[in-house]
Amino acid sequence: DINASEAHFTVENGAVRYALGALKGVGERAMEDLIQERKQGGSFRSLEDLAARIDPRLLNRRQLESLAGAGAFDLIKPDRAAVFAAAETILAHAASAHDQRTSGQAALFGASAAELPPIRLPRDTSWTLAQRMAAEREAFGFYFSAHPVDASRHLLAAHKVKSFAEIAEMSVGEGERVGATMAGLVEEARWRTSAKGRRYMMATISDSSGQFVATAFDDEATTTLEGAAKAGLCGLLTVELDRRAGDETPRVTIKKFQPLTDLANRARLQMTVRLPDAHAANRLVRELPEARGGNGLLRFIIPMTSGGEAVVVVGRDFALDAELAMRIERITGEGSVDLSVLEPPKLALVG
């Protein structure tokens with residue numbers, strides 16, 4: 001946060017506040033100067049206020065883009081994509097304000113940030129969930145607030161997937177082999193040769209809890225992992241865990257890799273949206289036409305003015321995913337959308 005973070009890492013209420021200077025391409029010196037201005041003049045109230053007070057000679061487009069991609073401006077302007085795209089415009093305003101200060105015009109005419117022309121952000125700029133995560137990774141060097149596998153959490157729950165953090169806590173006895181299901185992004189896959197001359201694959205994989213290294217020996221697994229690494233795919237991992245003497249965490253051997261896109265195409269999903277009021281249904285209309293063409297069930301839960309609520313089945317032919325859920329939550333509020341796998345009805349034996 002541009003108004004809370006320091007140039008260096010700090011501790012706040014028992015948690016670590018991320019350093020502005022630790023963002024890629026930003027630099028501690030520039031952030032120290034920016035924070036000095038914040039301490040002298042108070043918190044930055046808007047992008048216009050920021051542009052009016054910073055020295056444009058100390059910041060460039062790349063630095064502003066990194067700050068925007070990391071979410072540093074979220075509390076003064078929550079539209080990251082628009083702020084990112086307007087980096088050059090912000091710098092132009094900063095240069096204009098700086099010229100007025102140095103020429104004495106600001107003092108002569110009493111110009112302030114409120115009187116400067118507003119910064120016009122692009123209207124039709126938005127990021128998908130994947131683009132937002134990619135921007136964070138570019139700024140931090142790793143996935144920060146979310147991870148690509150999070151977009152398929154509804155599928156992962158149905159397959160009872162364990163995160164790497166949960167795997168690390170599992171009790172696996174020495175010499176024991178335990179099966180498990182994981183999910184992750186294949187970041188890298190390289191061939192190795194064992195001391196006995198056997199070729200195997202070593203893959204670097206990450207999920208929302210961290211990064212880990214896994215091995216694969218079977219031809220089917222190595223082939224799919226190699227392709228997933230080139231394409232940057234997330235997948236469902238059928239793994240085998242074992243532990244040797246001295247190992248802190250179980251070793252992971254991948255037996256099977258299934259792209260999450262394939263699972264999503266086969267699964268039938270359902271989405272339940274809890275609307276704050278009946279009028280919200282009208283605002284959702286523009287988000288829904290493009291989502292047609294799947295086999296997902298969409299329903300609204302609408303509060304009634306007379307009390308109680310109505311459950312409305314909107315349709316059974318929607319292409320449902322986390323991206324649509326995020327767009328809908330912008331209208332109905334965070335936590336108002338539940339996306340899950342639609343379980344097939346259980347058949348009962350009739351005597």
Side-chain angles (χ1 to χ4, degrees), residues 1-28 30-35 37-39 42-51 53-54 58-91 93-94 119-151 153 185 206-211 322-323 325-331 333-337:
D1 180 1
I2 198 74
N3 282 324
S5 295
E6 302 290 331
H8 308 279
F9 289 96
T10 54
V11 177
E12 181 180 319
N13 299 325
V16 176
R17 168 74 70 173
Y18 205 89
L20 294 175
L23 297 174
K24 294 174 65 177
V26 172
E28 290 184 0
M31 294 301 99
E32 287 172 352
D33 291 339
L34 185 145
I35 289 166
E37 168 59 35
R38 187 182 76 196
K39 291 179 178 178
S43 297
F44 299 107
R45 299 179 297 275
S46 63
L47 292 177
E48 288 80 6
D49 184 40
L50 175 76
R53 293 164 55 186
I54 61 175
L58 300 178
L59 287 175
N60 57 38
R61 179 180 60 83
R62 176 69 182 87
Q63 290 169 307
L64 282 178
E65 288 176 345
S66 188
L67 289 166
F73 302 119
D74 280 3
L75 292 186
I76 60 175
K77 195 67 178 180
D79 190 345
R80 293 188 190 183
V83 177
F84 185 97
E88 291 283 7
T89 303
I90 296 171
L91 287 175
H93 276 66
I119 295 175
R120 297 189 180 278
L121 300 180
R123 293 182 178 180
D124 300 327
T125 302
S126 62
W127 279 344
T128 64
L129 180 60
Q131 289 172 322
R132 179 188 174 102
M133 288 187 289
E136 285 189 359
R137 187 178 187 185
E138 180 64 26
F140 290 102
F142 52 87
Y143 291 107
F144 190 75
S145 65
H147 188 276
V149 298
D150 295 339
R153 57 184 177 272
L185 169 68
S206 65
D207 64 12
S208 56
S209 70
Q211 189 182 71
E323 189 66 46
M326 182 182 73
R327 297 205 310 268
I328 290 178
E329 281 192 339
R330 291 175 182 168
I331 299 172
E334 186 175 353
S336 61
V337 178

Begin from the C-alpha positions of L185 and Y143 and carry the test side chain to side chain contact (heavy atoms under 4.5 Å, CB included) through to its verdict. CA-CA 11 Å; L185 169 68; Y143 291 107; 3.6 Å; yes
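- With sequence neighbours excluded, no residue satisfies side-chain contact (heavy atoms from CB on, under 4.5 Å) with S126.
- Nearest heavy-atom pair, L34 versus L50, reported as atom, atom and distance to 0.1 Å: CD1-CD1, 4.5 Å.
- Here the side chains of L91 and R61 are in contact, with some heavy-atom distance below 4.5 Å.
- In terms of modelled atom types and a separation under 3.5 Å, the side chain of Q63 and the main chain of N60 share a donor-acceptor contact.
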Report the C-alpha separation of E6 and I35 in whole Å, then their side-chain angles, then the decisive distance to 0.1 Å, and conclude whether the side chain to side chain contact (heavy atoms under 4.5 Å, CB included) test is met. CA-CA 7 Å; E6 302 290 331; I35 289 166; 3.4 Å; yes
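- Here F142 pairs with Y18, F140, F144 under the side-chain contact (heavy atoms from CB on, under 4.5 Å) rule; sequence neighbours left out.
- Annotation: side chain of L59 is not in contact with side chain of I90 (no heavy-atom distance under 4.5 Å).
- Shortest non-hydrogen contact noted between L64 and A87 is CD1-O, 3.7 Å.
- Looking only at side-chain heavy atoms (C-beta outward), R80 and E136 come within less than 4.5 Å of each other.
- By the salt bridge (charged side-chain N to carboxylate O under 4.0 Å, His left out) test, E12 pairs with R17, sequence neighbours left out.
- Summarising the geometry, atom CD belonging to E48 is positioned 9.0 Å from atom CD1 belonging to I76; distances are rounded to the nearest 0.5 Å.
- Heavy-atom minimum distance, V83 versus A68: CG1-CB, 3.9 Å.
- Between the side chain of S66 and the main chain of R62, no donor-acceptor pair closer than 3.5 Å is present.
- Side-chain N or O atoms of E334 include none that pairs as donor or acceptor with a backbone N or O of E329 at under 3.5 Å.
- Side chains of K77 and L121 form a contact here, defined as non-hydrogen atoms less than 4.5 Å apart.
- Residues D1 and D74 fail the side-chain proximity criterion, which asks for heavy atoms closer than 4.5 Å.
- Nearest heavy-atom pair across A82 and T125 is N-CG2, 4.2 Å.
- Applying the ring-ring contact (aromatic ring centres under 6.0 Å, His included) rule to F84 yields the partners W127; only residues at least two apart in sequence or on another chain are considered.
- Pairing each heavy atom of S43 with each of D49, the nearest pair is O-OD2, 3.7 Å.
- Taking 4.5 Å as the limit, some side-chain heavy atom of L67 sits within range of a side-chain heavy atom of M31.
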Side chain to side chain contact (heavy atoms under 4.5 Å, CB included) for L75 and N3? Distances and angles first, verdict last. CA-CA 9 Å; L75 292 186; N3 282 324; over 6 Å; no
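- Not a single side-chain hydrogen bond (donor to acceptor under 3.5 Å, both in side chains) links R153 to another residue, sequence neighbours left out.
- Heavy-atom minimum distance, F9 versus V16: CD2-CG1, 3.9 Å.
- With sequence neighbours left out, S206 forms a side-chain hydrogen bond (donor to acceptor under 3.5 Å, both in side chains) with H147, E187.
- A distance-only check finds no donor-acceptor pair linking the side chain of R120 to the backbone of T89 [under 3.5 Å].
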Please determine whether side chain to side chain contact (heavy atoms under 4.5 Å, CB included) holds for the pair E28 and H8, giving the CA-CA distance in whole Å, both sets of side-chain angles, and the decisive distance to 0.1 Å. CA-CA 7 Å; E28 290 184 0; H8 308 279; 3.1 Å; yes
